[in-house]
There are 2 protein chains.
Amino acid sequence: MKAGPDISRVAALVGDPARCNMLTALMTGRALTASELAQEAGITPQTASSHLAKLEAGGLIEPEKQGRHRYYRLTDPDVADVLEGLQGIAARAGHMRVRTGPKDPALRRARICYDHLAGDLGVQMLDSMKRQKLVRQTKQAIELTGEGKRFMAEELQIDANTLTHPRRPVCKACLDWSERRHHLAGTLGAAMMDRFTELKWAARDVTPGSRVVNFSRNGERRFTALFGASE
Amino acid sequence: MKAGPDISRVAALVGDPARCNMLTALMTGRALTASELAQEAGITPQTASSHLAKLEAGGLIEPEKQGRHRYYRLTDPDVADVLEGLQGIAARAGHMRVRTGPKDPALRRARICYDHLAGDLGVQMLDSMKRQKLVRQTKQAIELTGEGKRFMAEELQIDANTLTHPRRPVCKACLDWSERRHHLAGTLGAAMMDRFTELKWAARDVTPGSRVVNFSRNGERRFTALFGASE
DNA sequence: TTCATAGTTCGATGATAGCCGAAGCATTGG
DNA sequence: CCAATGCTTCGGCTATCATCGAACTATGAA
């Protein structure tokens with residue numbers, strides 16, 4: 001007498017190493033073409049095509065035709081959240097990748113989680129925002145306070161009114177796999193990351209498929225000035 | 001140049017239908033024996049034994065020997081959270097089980113999520129608790145307020161001091177797959193569900209493996225009196 | 001001790017599904 | 001129109017892995 005949605009199909013999709021590599025590559029938030037994803041997974045385009053069709057049927061990714069390219073992106077930030085959740089379990093069980101490159105510490109410090117900042121600095125930022133009362137928890141979601149709106153406008157030139165989105169909250173807590181605490185997701189989290197990039201405080205690592213975010217010397221100083229660790 | 005924990009192994013574990021059935025059976029929060037899990041998954045004990053060994057190695061379940069029985073439980077509420085998250089994605093993609101029994105509406109209304117209340121009533125409860133300022137979001141977690149502690153003691157005879165646990169927060173937001181909003185997890189969520197059961201306001205469905213929670217007529221009245229929908 | 005139950009290990013089997021080569025569409029550019 | 005590129009479909013190969021029968025260990029009961 002089973003009931004409820006059938007997990008195993010979705011999980012099986014993520015369970016294949018090739019598909020999993022594609023999905024983690026898409027966690028950068030960027031849309032990638034079928035061939036790029038094939039290379040990312042280390043398989044031929046034919047095989048990739050089959051995998052992509054399955055992922056699409058499973059509702060994990062969405063295609064967008066553009067000329068003779070097919071760009072794929074994760075359908076939803078929620079998908080990224082679940083992937084992060086799985087990473088948390090895998091990390092605890094000690095199932096790290098065999099090739100744990102030198103980039104790993106950098107990944108723990110600051111990385112892209114779909115479209116917002118994660119890792120040590122991401123968690124630090126949300127903590128600091130709460131301490132400064134820029135956000136608070138009201139009914140069911142985190143909310144930007146009046147003080148927070150002023151702060152965003154003055155310090156980061158982000159107009160809070162532009163952040164509303166029909167299907168996505170402005171603020172959302174996203175569980176960080178490396179820190180096991182929350183960082184800020186939602187349209188605000190995305191907008192802030194965008195601004196950091198525009199201001200050249202931070203830049204995504206150039207290695208294709210890397211989620212690492214590198215802060216410049218000046219950028220880190222400015223970032224810490226706004227969201228410094230607990231005094 | 002991959003980095004980070006390897007998701008695919010964990011996901012592959014969940015991806016097998018038999019193992020997935022076992023895991024969802026364990027989402028009741030109860031510990032089940034190897035044979036019970038075998039029956040739940042519809043496979044022979046030998047096969048189940050192999051699956052259980054894999055799930056244990058993957059860190060998803062934990063055994064506990066008791067006489068000649070081996071009881072298995074989910075290692076961690078976090079595992080249950082990820083499973084709920086996967087259900088959310090599966091539900092959106094329309095991957096419901098083929099045999100969507102008559103219990104389905106009941107499951108959406110009230111069910112056990114590991115050890116606390118989920119479904120419509122679970123979401124309603126957390127909403128109401130926030131409205132009544134029994135809990136609030138402080139730094140990174142939901143916190144029980146002074147008012148909340150009084151409420152718990154007076155209305156439900158729950159001593160807030162007994163709720164602290166070395167590895168588990170008192171309050172935690174858990175994403176509900178059917179409502180797509182949060183309900184209350186953590187030791188408080190578990191304690192409240194226990195109390196509801198003790199007071200005979202609600203009881204888990206007798207069907208083995210069912211996550212449905214049935215509220216008595218009186219129980220629902222009392223529950224609504226405390227955590228009624230928004231007035 | 002003897003029997004029954006719970007669980008595991010081993011070996012063989014069979015089906016699923018990932019993989020690639022080759023060929024086929026579709027779009028762009030010359 | 002032809003060539004090149006991006007992607008998909010088809011067919012066959014292969015390896016993985018879930019499955020079960022049979023035999024074995026361990027605990028508890030008579």
Side-chain angles (χ1 to χ4, degrees), chain A residues 2 6-26 30-73 95 98 208-209, chain B residues 2 6-26 30-58 60-73 93 95 98 208-209:
Chain A
K2 310 290 184 296
D6 187 8
I7 302 184
S8 69
R9 291 201 201 163
V10 180
L13 289 174
V14 187
D16 179 75
R19 284 193 293 257
C20 182
N21 283 336
M22 293 177 170
L23 289 172
T24 46
L26 289 174
R30 279 193 264 250
L32 298 176
T33 67
S35 350
E36 286 171 328
L37 288 168
Q39 194 184 1
E40 198 67 41
I43 51 181
T44 59
Q46 311 95 294
T47 310
S49 180
S50 152
H51 284 312
L52 290 169
K54 286 171 189 169
L55 287 173
E56 187 185 341
L60 295 177
I61 60 175
E62 264 175 355
E64 187 178 332
K65 270 193 87 163
Q66 211 165 97
R68 53 182 167 183
H69 293 276
R70 259 178 97 96
Y71 283 91
Y72 285 96
R73 70 182 78 250
H95 285 161
V98 191
Chain B
K2 311 290 183 296
D6 187 7
I7 301 184
S8 69
R9 292 200 201 165
V10 180
L13 289 175
V14 187
D16 177 76
R19 284 191 294 255
C20 182
N21 283 336
M22 294 177 170
L23 290 173
T24 46
L26 290 175
R30 280 195 264 249
L32 299 175
T33 66
S35 349
E36 286 171 329
L37 288 168
Q39 192 184 4
E40 198 68 41
I43 51 180
T44 59
Q46 312 94 297
T47 311
S49 179
S50 150
H51 284 313
L52 290 169
K54 285 170 190 169
L55 287 173
E56 187 185 341
L60 294 177
I61 60 175
E62 264 175 356
E64 188 179 331
K65 270 194 88 162
Q66 212 167 95
R68 52 181 169 181
H69 293 278
R70 258 176 97 95
Y71 283 92
Y72 284 97
R73 70 182 77 251
H95 284 162
V98 192

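Numbered from 1 within each chain, the chains take letters A, B, ... in sequence-line order.
The side chain of B:Ser49 approaches C:dT8 more closely than any other nucleotide in the set D:dT19, D:dA18, C:dT8. For B:Arg19, taking side-chain heavy atoms from C-beta onward, the closest of the listed nucleotides D:dG21, D:dT8, D:dA18 is D:dA18.
A distance of 9.0 Å separates CD of B:Gln39 from OG1 of B:Thr33, quoted to the nearest 0.5 Å.
Side-chain atoms of B:Thr24 come within 3.5 Å of backbone N or O of B:Cys20 as a donor-acceptor pair.
Nucleic acid contact for B:Ala18: sugar-phosphate only, since backbone atoms but no base atoms lie under 4.0 Å from a heavy atom of the residue. Contact annotation for A:Ser50: no contact, since no heavy-atom pair falls under 4.0 Å across all strands. If you check every strand for non-hydrogen atoms under 4.0 Å, B:Tyr71 touches nothing.
At least one side-chain nitrogen or oxygen of B:Thr47 sits closer than 4.0 Å to the OP1 or OP2 atom of D:dC20. Note on B:Thr44: a side-chain N or O is less than 4.0 Å away from OP1 or OP2 of D:dC20. Residue B:Arg70 places no side-chain N or O under 4.0 Å from the OP1 or OP2 atom of D:dA26. Applying the 4.0 Å criterion to OP1 and OP2 of D:dC17, one finds that B:Lys54 has every side-chain N and O outside that range. In terms of phosphate contacts, A:His51 brings no side-chain nitrogen or oxygen within less than 4.0 Å of OP1 or OP2 of C:dA17.
Here C:dT8 presents its C1' atom at 13 Å from CD of B:Glu56, a figure rounded to the nearest Å. Counting to the nearest Å, the P atom of C:dA6 and the CD atom of B:Glu36 are 10 Å from each other. Put simply, CG on A:Asp16 is 9 Å from C1' on C:dA17, counting in whole angstrom units. Residue A:Leu37 contributes atom CG, which lies 15 Å from atom C1' of D:dT8 at whole-angstrom precision. We find that CD1 of B:Ile43 is positioned 7 Å from P of D:dC20, with the value rounded to whole Å. Per the geometry, CD belonging to A:Gln46 stands 14 Å off P belonging to D:dG6, to the nearest Å. Between A:Glu64 atom CD and D:dG6 atom P there is a gap of 18 Å when expressed in whole angstrom units. Rounded to whole Å, the distance from CD on A:Gln39 to P on C:dC19 is 16 Å.
Counting heavy atoms from C-beta on, the side chains of B:Lys54 and B:Ser50 come closer than 4.5 Å. Looking at A:Ile61 and A:Leu23, their side chains come closer than 4.5 Å, going by heavy atoms from C-beta outward.
Evaluated for a side chain to side chain contact (heavy atoms under 4.5 Å, CB included) with B:Leu52, the options B:Met22, B:Arg19, B:Arg70 yield exactly one hit, B:Met22.
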